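Okay, structure first, notes after.
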Amino acid sequence: MSGISFCDSSSIELFFWLHQRCRSAGTQLLLRGVPLLLVKSMQVLGVDRRLPLAVT
């Protein structure tokens, strides 16, 4: 995700959907290389509590 410079609510919703699909399949979605600005936005929305993030 290091190349992402913008992420709106639709994108975050897609990440949740993918996360749920992975969990249903018995695996885990890990978003790696998440830019700090995006991490801060996800923290404000509470996304970081439900979706594993690896910060760059």
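Nothing here was measured: the structure is a model prediction, and the numbers come from that model.
- The local environment of CG in Leu45 is crowded, with over 12 non-hydrogen atoms from other residues, nucleotides or ligands closer than 6.0 Å.
- Closest heavy-atom contact between Pro35 and Ser2: CG-O, 4.2 Å.
- Proximity of Val39 to Asp48: side-chain heavy atoms (C-beta onward) are nowhere separated by under 4.5 Å.
- Phe15 CZ to Cys22 SG: the interatomic distance, rounded to the nearest 0.5 Å, is 12.0 Å.
- Side-chain contact check for Asp8 versus Ser11: some heavy-atom pair is nearer than 4.5 Å.
- Tracing side-chain contacts under 4.5 Å through hydrophobic residues (I, L, V, M, F, W, Y), one reaches Leu36 starting from Val47; they form part of the same cluster.
- With rounding to the nearest 0.5 angstrom, the CD atom of Glu13 is 11.0 Å from the CG atom of Leu18.
- With rounding to the nearest 0.5 angstrom, the CE atom of Met42 is 4.5 Å from the SG atom of Cys7.
- Among all heavy-atom pairs drawn from Val34 and Leu53, the shortest one is CG2-CD2, 4.2 Å.
- To the nearest 0.5 Å, atom CZ of residue Arg50 and atom NE2 of residue His19 are 7.0 Å apart.
- Without hydrogens or angle criteria, Thr27 side chain to Arg23 main chain gives no donor-acceptor distance under 3.5 Å.
- Under the 4.5 Å side-chain criterion, counting only non-hydrogen atoms from C-beta, Leu29 is in contact with Leu31.
- To the nearest 0.5 angstrom, Leu51 atom CG is 9.0 Å from Gln28 atom CD.
- Taking CG from Leu38 and CD1 from Ile4, the interatomic distance works out to 6.5 Å, rounded to the nearest 0.5 Å.
- In terms of hydrophobic clustering, with Ile, Leu, Val, Met, Phe, Trp and Tyr side chains grouped at heavy-atom distances under 4.5 Å, Met1 and Val44 are assigned to different clusters.
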